[in-house]
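The structure under discussion appears below in the form of structure tokens.
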Amino acid sequence: MSQARSHWSNRWTFMLATAGSAIGLGNIWKFPYMTGVNGGSAFVLVFLACIAIVGIPLMMCEIMLGRRAQRNPIDGMHALAQEAGSSRHWKWVGVMGLFAGILILAFYSVIAGWILHYVVEAARGSFIGMDGERAASAFQQFLASPVELALWHTMFIGMTLGVVARGVNAGLEQANKILMPSLFAILLVLLGYSMSVGDFHAALHFMFTPDFSKVTPTAVLSALGHAFFSLSLGMGAVMVYGSYLQRHVSIARTSIYIALADTLVGLLVGIAIFALVFANHLEPGAGPGLIFQTLPIAFGRMPMGTIMGVLFFVLVAFAAWTSAISLVEPAVAWITENSRLNRKQSAWLIGIADWLLGIAVLLSFNLWQDIRLLFGLGIFDTLDKLTTTIMLPLGGLCMAVFAGWYMKTSHVAEELDISPLAYRAWRFTIRYISPLAIVAIFLYLTGLL
Ligand code: TRP
């Protein structure tokens, strides 16, 4: 089952790229505020357990599917189903993932646009002397301006598809090779800074002193859902990255490293943010506005706040960029492999589609504020909910069920190449634990549980 197509230069670039996909707004924007809202340490502990028990086995599963198929997710699922002698309808898993990626990028790009705007604001010194009221009104004013939002959204879509258009080696690999090490370096600088001027002790206490009374079912399920989103699972992004992976690389080991890197970055960013928040007696449970409204106040009051503020938002922008690339790679790969359009033209096509969708998303913060779509939600929330609470868990469920129940065990074992005991544990997880966990998140997130 192979055809001439690009591959990563080595296993490091695969790991960087997949870690790049995993580490994104989910880690830096969502994880800290979810921790803040869900009472801190208890949430962190449950999240770690979810990554280990459900996240890593599923990541192995998705990489395995991609590498075995050596194709984009749609044709890949089709080919694997054929090989397993089961229904060709499994290809719909790929189709759903492809659309999920396009829909996610539409709102991801709008938020990433806010980040780009905040890089500039930080650099202009706008945070200096900022108080709560000014931070909130600056953020609201920005959201009220469709033109400004559109400008930054356009830029981010251009950056993303610009990389994807260049292909696996000259685009994806090259971008990740530059952006990911820069991201780690900036993170270390920020951490050092936050350690010296922030309240490190309070941050550690908040994030790591377990209080089991706070482990509510809600905290468990939202941690599980987030483990999923944070590792980029269920959509085919990891599958398509796996399809560019060479045969000899160990899937188990790389999955563990990627999950560790993803988790570590989430935790370290969380510590850095909360140390600054606590040192300034600000509110850790501020919700989605945490990095846009709370953090600027902290930077504005601290020594070297301007440069550190710029570095922080550049870090988030890099993280978002390398994730966004993986959201559209399945679609671009599929079009390129199935039509007469070349990669550049396919990238343009997806870029235009996502640009248009993103415009609708950003208008939902101002002019189209009152438009209601699914579940009585606005455009932004509809896309977010539809993808992260329905399409991704469903995609992950199908992949686990397919790999666990339909594929030939010998094929799976050959691809994973782990010890018999590890294989048995993995297989048990993927057949029983992951599907059950996913169904639970699904029911919870759609409000049925
Ligand atoms: N994991 C990324 C984040 O944490 C988001 C992301 C990128 C993603 N690609 C994905 C989520 C595919 C689900 C599926 O921000």
Side-chain angles (χ1 to χ4, degrees), residues 25 28-37 107 109-156 186 189-191 193-200 202-203 206 269-320 361-370 378 380-381:
L25 294 175
I28 304 177
W29 169 62
K30 230 172 174 180
F31 181 68
Y33 87 69
M34 283 177 94
T35 305
V37 172
F107 67 85
S109 165
V110 173
I111 310 268
W114 301 357
I115 303 286
L116 296 178
H117 166 78
Y118 270 73
V119 172
V120 175
E121 284 303 307
R124 285 174 44 193
S126 312
F127 297 167
I128 297 168
M130 211 173 217
D131 57 19
E133 233 165 85
R134 246 183 61 209
S137 76
F139 186 51
Q140 258 123 47
Q141 246 171 41
F142 173 57
L143 291 195
S145 159
V147 176
E148 225 178 316
L149 294 181
L151 198 86
W152 294 110
H153 159 63
T154 308
M155 183 150 160
F156 190 77
I186 298 177
V189 173
L190 276 173
L191 209 62
Y193 171 72
S194 157
M195 234 164 155
S196 60
V197 303
D199 192 341
F200 213 62
F206 179 67
V269 171
I271 294 172
I273 291 179
F274 288 123
L276 297 180
V277 166
F278 286 127
N280 288 283
H281 310 289
L282 298 168
E283 189 43 59
L290 183 66
I291 71 168
F292 297 109
Q293 296 183 41
T294 310
L295 213 51
I297 308 173
F299 283 125
R301 285 186 194 159
M302 313 197 95
M304 300 204 305
T306 295
I307 172 84
M308 290 299 158
V310 173
L311 279 182
F312 175 79
F313 284 102
V314 167
L315 165 101
V316 190
F318 282 6
V361 170
L362 65 88
L363 287 175
S364 75
F365 289 99
N366 35 67
L367 303 178
W368 290 359
Q369 217 161 24
D370 298 324
F380 174 86
D381 293 317

Original post:
Closest heavy-atom contact between I186 and V314?
Top reply: CD1-CG1, 3.9 Å

**OP:** Let me know which of I111, V316, I115 forms a side chain to side chain contact (heavy atoms under 4.5 Å, CB included) with W29.
**Re:** I111

**OP:** To the nearest 0.5 Å, tell me how far L362 CG sits from F380 CZ.
**Re:** 11.0 Å

**OP:** Please name the pair of heavy atoms, one in T306 and one in A123, separated by the smallest distance, quoted to 0.1 Å.
**Re:** CG2-O, 4.2 Å

Original post:
Relative to each other, are the rings of F139 and Y118 parallel, tilted or perpendicular (30° and 60° limits)?
Top reply: perpendicular

**OP:** State the CZ-CD1 distance between F200 and I271, to the nearest 0.5 angstrom.
**Re:** 5.5 Å

Subject >> Test side chain to side chain contact (heavy atoms under 4.5 Å, CB included) applied to P32 and V277, I273, T294, L295, the passing residue >> reply: I273

**OP:** Measure the shortest side-chain to side-chain distance between V189 and M308 over non-hydrogen atoms and say whether it is less than 4.5 angstrom.
**Re:** yes

Original post:
Do side-chain atoms of R301 reach the backbone of N280 as a donor and acceptor pair under 3.5 angstrom?
Top reply: yes

Subject >> Heavy-atom side-chain proximity of S145 to N366 below 4.5 angstrom >> reply: no

**OP:** Please examine the side chains of W152 and V120, heavy atoms only from C-beta on, and report whether any two atoms are closer than 4.5 Å.
**Re:** yes

Original post:
Looking only at heavy atoms, what is the nearest atom pair of A320 and A112, with distance?
Top reply: CB-CB, 4.1 Å

Original post:
Between V197 and A279, which heavy-atom pair has the shortest distance, and what is it?
Top reply: O-CB, 4.0 Å

Subject >> Residues V110, F365; criterion side chain to side chain contact (heavy atoms under 4.5 Å, CB included); working and verdict >> reply: CA-CA 10 Å; V110 173; F365 289 99; 4.3 Å; yes

Original post:
What is the distance from atom CZ of F299 to atom OH of Y193, rounded to the nearest 0.5 Å?
Top reply: 6.5 Å

**OP:** Could you check if a side-chain atom of I291 sits within less than 4.5 angstrom of a side-chain atom of F312, using non-hydrogen atoms only?
**Re:** yes

Subject >> Heavy-atom pair with the smallest gap, counting every atom of S109 and H153 >> reply: OG-ND1, 2.7 Å

**OP:** State whether the side chain of S126 and the backbone N or O of E121 hold a donor-acceptor pair below 3.5 Å, judged by distance alone.
**Re:** yes

**OP:** Any chance you could measure L151, atom CG, to F156, atom CZ, to the nearest 0.5 Å?
**Re:** 14.5 Å

Original post:
If you round to the nearest 0.5 Å, how far is CZ of F313 from CH2 of W114?
Top reply: 12.0 Å

Subject >> Minimum heavy-atom distance G198-L276, with the two atoms named >> reply: CA-CD2, 4.4 Å

Subject >> S364 side chain to V361 backbone, donor-acceptor under 3.5 Å >> reply: yes

Subject >> Interatomic spacing from CD in Q293 to CZ in R134 - rounded to 0.5 Å >> reply: 13.5 Å

**OP:** Find out whether M155 and L116 are in side-chain contact, i.e. whether some heavy atom of one side chain is under 4.5 Å from a heavy atom of the other.
**Re:** yes

